[in-house]
Amino acid sequence: MPGQKSGGIPYLGATMRNLLLLLLSMAVTEFAGAQDWANLDRYQTANAALAGVPADGRVVFMGDSITEGWDLEAAFPGRPYVNRGISGQTTPQMLVRFRQDVVSLAPEFVIILAGTNDIAGNTGPATLEEIAGNIASMAEIARANGIVPIIASVLPARDYPWRPGLGPDVKIPQLNAMLADYAKSRGFPWLDYFTAMTDGENGLRPELTNDGVHVTSVGYLVMATLVDEILDVL
C-alpha cells in the first residue's frame, strides 16, 4: 500500500517524523519539569552549605512568597535565621520538602506560615481541614525531631488579585481559628500575625501591602516585631 513499508508499518514522511520528534521532546521536557513538584531542588545547595555550621539559635522560616520575599538578614541582623520560602507553594508541597528544608537543618525553631495559596487553589481544590492537617503534619514532624514548631496565622486577604471571588476574607479567619485551636491543644506556640495586620474587615491594612496579599517593608517590620516577641519568651 502507498505510505506503508513491509510488515504493515506505516511510513512517516520527514515532516511528520520531525513533528513527532518535536512533540516527544516537549513531552519529555514537561515530564521532567513536573517531577520536582515540590521544588526540592530549590534549596539543596543552600542546605548543603549549612552542613557543619553550628545550629545554635537557628530558626527556619517555612512558607510561600510572603516568606520568600522577607529579607531576614536585614530584619534580624546577625541572627542565624534561615529562609525556606518558595513563591506560590501550597501546604502539600511544603510538607513534601519539610524534611529536607527544615529537619535536615536541625534548627531550634521552625516558623510555619502557610495556607493562603491553598485557599487560592494554586495546586487544586483543598478543604480547610486538609490545609490544617498538612500544617499539623509539619508541626508534628518538627516536634518528633526535637524542633519547636511555631504555627503562624495566615495573613489577612480580602481577595486574591490573580484569582478573585474565592472568599479568603471568610476562609482565612476560619482556617486561623482551626490552627489556633490545634496549636493550643498540642502546646505549640501560636504566632498571630492576623490580628496585628488586619484592617478590621479581614483584609490587610493599606499601609502594609501593595496588592492586598503580599506585604511591604512596613508589613515585614510588623511581622519581625511579633517574631521577636514570641522568640523572646521561648
Side-chain angles (χ1 to χ4, degrees), residues 36 38-91 93-117 134-155 179-180 182-183 186-197 208 214-234:
D36 194 11
N39 212 341
L40 291 167
D41 185 59
R42 171 63 184 281
Y43 289 113
Q44 281 183 348
T45 301
N47 291 342
L50 287 174
V53 176
D56 294 345
R58 181 175 293 165
V59 180
V60 173
F61 289 65
M62 169 60 86
D64 48 41
S65 59
I66 294 169
T67 297
E68 184 181 18
W70 197 347
D71 185 347
L72 298 182
E73 178 87 22
F76 308 100
R79 285 181 249 182
Y81 292 178
V82 179
N83 192 319
R84 289 298 178 263
I86 296 181
S87 179
Q89 282 212 330
T90 56
T91 57
Q93 292 173 305
M94 293 180 209
L95 181 55
V96 169
R97 66 183 179 90
F98 193 83
R99 219 166 253 287
Q100 171 186 290
D101 290 345
V102 178
V103 175
S104 70
L105 305 182
E108 292 187 22
F109 303 95
V110 58
I111 297 176
I112 304 169
L113 172 57
T116 200
N117 287 327
N134 289 331
I135 293 171
S137 293
M138 287 187 267
E140 287 162 16
I141 290 171
R143 172 180 263 183
N145 286 275
I147 302 164
V148 177
I150 300 172
I151 300 177
S153 66
V154 179
L155 272 60
L179 294 175
Y182 168 77
R186 295 295 191 276
F188 295 151
W190 172 245
L191 177 53
D192 187 6
Y193 291 133
F194 187 97
T195 299
M197 302 177 79
L208 305 182
H214 300 92
V215 296
T216 61
S217 58
V218 178
Y220 283 124
L221 181 59
V222 173
M223 293 170 68
T225 299
L226 294 171
V227 168
D228 280 338
E229 288 176 356
I230 197 166
L231 289 174
D232 282 348
V233 299
L234 292 177

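In this chain, numbering begins with 1 at the start of the sequence shown.
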Q: List the atom of Val154, the atom of Ala114, and the distance in Å for their closest heavy-atom pair.
A: CG2-O, 3.3 Å
Q: Applying ring-ring contact (aromatic ring centres under 6.0 Å, His included), name anything that partners Tyr220, two or more places apart in sequence or on another chain.
A: Trp70
Q: Do Val222 and Tyr193 come within less than 4.5 Å of each other through their side chains, counting heavy atoms only?
A: no
Q: To check you understand the geometry: which heavy-atom pair defines the closest contact between Ala38 and Ile86, and what is its length?
A: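 Closest heavy-atom pair between Ala38 and Ile86: O-CD1, 4.4 Å.
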Q: Is there any side chain to side chain donor-acceptor pair (under 3.5 Å) pair reaching into residues 50-67, and which pairs are they, with sequence neighbours excluded?
A: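 Residue pairs with at least one partner in residues 50-67: Ser65-His214.
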Q: Would you indicate whether the side-chain heavy atoms of Pro107 and Val82 approach each other to under 4.5 Å?
A: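 Not touching, per the 4.5 Å side-chain cut-off.
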Q: To the nearest 0.5 Å, how far apart are CZ in Phe109 and CG in Leu231?
A: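 That separation rounds to 6.0 Å.
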Q: Could you check whether any side-chain heavy atom of Val59 comes within less than 4.5 Å of a side-chain heavy atom of Phe76, counting everything from C-beta outward?
A: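 Result no, sub-4.5 Å side-chain heavy-atom pair not found.
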Q: Let me confirm one number: the CH2-OH distance from Trp190 to Tyr182, rounded to the nearest 0.5 Å.
A: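 Between atom CH2 of Trp190 and atom OH of Tyr182 there are 12.0 Å.
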Q: Can you tell me how far CD1 of Ile66 sits from OG of Ser87, rounded to the nearest 0.5 angstrom?
A: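 Reported value, rounded in 0.5 Å steps: 9.5 Å.
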Q: Does the side chain of Val103 come within less than 4.5 Å of Ile141's, by heavy atoms?
A: yes
Q: Can you find a pair of side-chain heavy atoms, one from Leu226 and one from Leu191, that are under 4.5 Å apart?
A: yes
Q: Using the side-chain contact (heavy atoms from CB on, under 4.5 Å) rule, pick out the option among Leu234, Val110, Leu113 that qualifies with Ile150.
A: Leu234
Q: Has Thr91 got a side-chain atom pairing as donor or acceptor with Asn134's backbone, closer than 3.5 angstrom?
A: no
Q: Work out which heavy atom in Ile151 is nearest to a heavy atom in Ala139; give both atom names and the distance.
A: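 Minimum heavy-atom contact is CD1-CB, 4.1 Å.
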Q: Can you name the residues that form a salt bridge (charged side-chain N to carboxylate O under 4.0 Å, His left out) with Arg186, not counting sequence neighbours?
A: Glu140
Q: Under 3.5 Å, is there a donor-acceptor pair between the side chain of Asn145 and the main chain of Ile147?
A: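 Not a single qualifying donor-acceptor pair exists.
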Q: Could you list the residues that satisfy side-chain hydrogen bond (donor to acceptor under 3.5 Å, both in side chains) with Thr195, not counting sequence neighbours?
A: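 side-chain hydrogen bond (donor to acceptor under 3.5 Å, both in side chains) list for Thr195, sorted by chain: Asp192.
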Q: Taking Asp41's backbone N and O only, do any of them form a donor-acceptor pair with Asp36's side chain (distance below 3.5 Å, no angle check)?
A: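 Yes.
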Q: With distance as the sole test, does Gln100 use its side chain to make a donor-acceptor pair with the main-chain N or O of Gln44 at under 3.5 Å?
A: no
Q: Hey, does Ile112 have a side-chain heavy atom less than 4.5 Å from the side chain of Phe98?
A: yes
Q: Going by the rule salt bridge (charged side-chain N to carboxylate O under 4.0 Å, His left out), which residues pair with Glu73 if we only count those two or more places apart in sequence or in a different chain?
A: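 Once residues adjacent in sequence are excluded, Glu73 has no partner under the salt bridge (charged side-chain N to carboxylate O under 4.0 Å, His left out) criterion.
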Q: Locate the shortest heavy-atom distance separating Ala224 from Ala75; write the atom from each residue and the value.
A: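 It is CB-CB, 4.4 Å.
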Q: If you take all heavy atoms of Asp101 and Ser104, which pair is closest and at what distance?
A: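 Of all heavy-atom pairs spanning Asp101 and Ser104, the closest is N-OG, 4.4 Å.
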Q: Working to the nearest 0.5 Å, report the span between CG of Leu155 and CZ of Phe194.
A: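 That separation rounds to 9.0 Å.
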Q: Please test Val215 against Met197 for side-chain contact (heavy atoms from CB on, under 4.5 Å), starting from the C-alpha separation and ending with a verdict.
A: CA-CA 10 Å; Val215 296; Met197 302 177 79; 3.7 Å; yes
Q: Checking Tyr43 now: which residues fulfil ring-ring contact (aromatic ring centres under 6.0 Å, His included) with it, not counting sequence neighbours?
A: none
Q: Tell me the closest heavy-atom pair linking Ala152 and Leu179, and the distance in Å.
A: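 Closest heavy-atom pair between Ala152 and Leu179: O-CD1, 4.3 Å.
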Q: Within the structure provided, determine whether Gln93 and Asn117 are in side-chain contact (heavy-atom separation under 4.5 Å).
A: no
Q: Do the side chains of Arg42 and Arg97 get nearer than 4.5 Å, heavy atoms only?
A: no
Q: Could you give the distance from CZ (Arg99) to CG (Leu105), rounded to the nearest 0.5 Å?
A: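 Reported to 0.5 Å precision, the distance equals 13.0 Å.
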